[in-house]
Amino acid sequence: MKSKSLTDFDIADYLDSKEAVSEYLSQVLADGDTDELLVALGHIARAKGMTEIAKKTGLGRESLYKTFQAGTKPKFETIVKVLDAFGVRLKVV
């Protein structure tokens with residue numbers, strides 16, 4: 001009997017288009033959980049490449065990793081820089 005092994009699920013593997021990123025962020029924002037948003041931004045940054053996001057934002061990779069941890073309180077300016085690096089804009093409807 002062959003044993004099947006499961007692979008770990010990583011949402012970053014599925015955030016491969018602007019549409020997927022937008023839908024993911026929309027769902028997270030709808031929940032209104034700040035910690036969940038920070039973790040989601042970290043997933044997107046990993047999907048796009050943390051080094052690339054660091055270059056685009058002018059922030060260090062280590063600083064970005066810390067920013068995306070639950071419980072942190074990043075400046076709004078940092079969040080806007082990260083969203084810009086993702087090519088995402090906030091829109092009020």
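Residue numbers run from 1 in the order of the sequence given.
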Subject >> Rounded distance (nearest 0.5 Å) linking atom CG of Asp31 with atom OG of Ser26 >> reply: 11.0 Å
Original post:
Who pairs with Asp84 by salt bridge (charged side-chain N to carboxylate O under 4.0 Å, His left out), at least two apart in sequence or on another chain?
Top reply: Arg89
Atom pairs and distances, side-chain donor-acceptor, residues 69-80, under 3.5 Å, sequence neighbours left out:
residue	atom	partner	partner atom	Å
Thr72	OG1	Thr67	O	2.8
Thr72	OG1	Gln69	O	2.9

**OP:** Among residues two or more places apart or on two chains, list those pairs meeting salt bridge (charged side-chain N to carboxylate O under 4.0 Å, His left out) that have a residue in residues 7-17.
**Re:** Asp10-Arg46
**OP:** Could you name each residue pair satisfying ring-ring contact (aromatic ring centres under 6.0 Å, His included) that touches residues 5-36, not counting sequence neighbours?
**Re:** Phe9-Tyr14
Original post:
Going from CE on Met50 to CD on Glu62, what distance comes out if it is rounded to the nearest 0.5 angstrom?
Top reply: 10.0 Å
**OP:** Would you please name every residue forming a salt bridge (charged side-chain N to carboxylate O under 4.0 Å, His left out) with Asp33, sequence neighbours left out?
**Re:** none
Subject >> All side-chain hydrogen bond (donor to acceptor under 3.5 Å, both in side chains) counterparts of Thr51, not counting sequence neighbours >> reply: Arg61
**OP:** Return the set of residues passing side-chain contact (heavy atoms from CB on, under 4.5 Å) with Ser17 (not counting sequence neighbours), or none when no residue passes.
**Re:** Glu19, Ala20
**OP:** Examine distances only and state if a side-chain atom of Lys81 and a backbone atom of Gly58 form a donor-acceptor pair shorter than 3.5 Å.
**Re:** no
Subject >> Cluster link Leu64 to Val39, ILVMFWY, side chain under 4.5 Å >> reply: no
Subject >> Close side-chain approach of Leu83 and Leu25, heavy atoms under 4.5 Å >> reply: yes
Subject >> For the student: nearest non-hydrogen atoms of Ala12 and Ala47, plus distance >> reply: O-CB, 3.3 Å
Original post:
Which distance, rounded to the nearest 0.5 Å, do you find between the CZ of Phe68 and the CG of Leu38?
Top reply: 8.0 Å
Subject >> From CG (Leu41) to CZ (Phe86), nearest 0.5 Å >> reply: 5.5 Å
Subject >> Any residue meeting side-chain contact (heavy atoms from CB on, under 4.5 Å) with Lys56, in chain and number order, not counting sequence neighbours >> reply: Glu52, Ala85
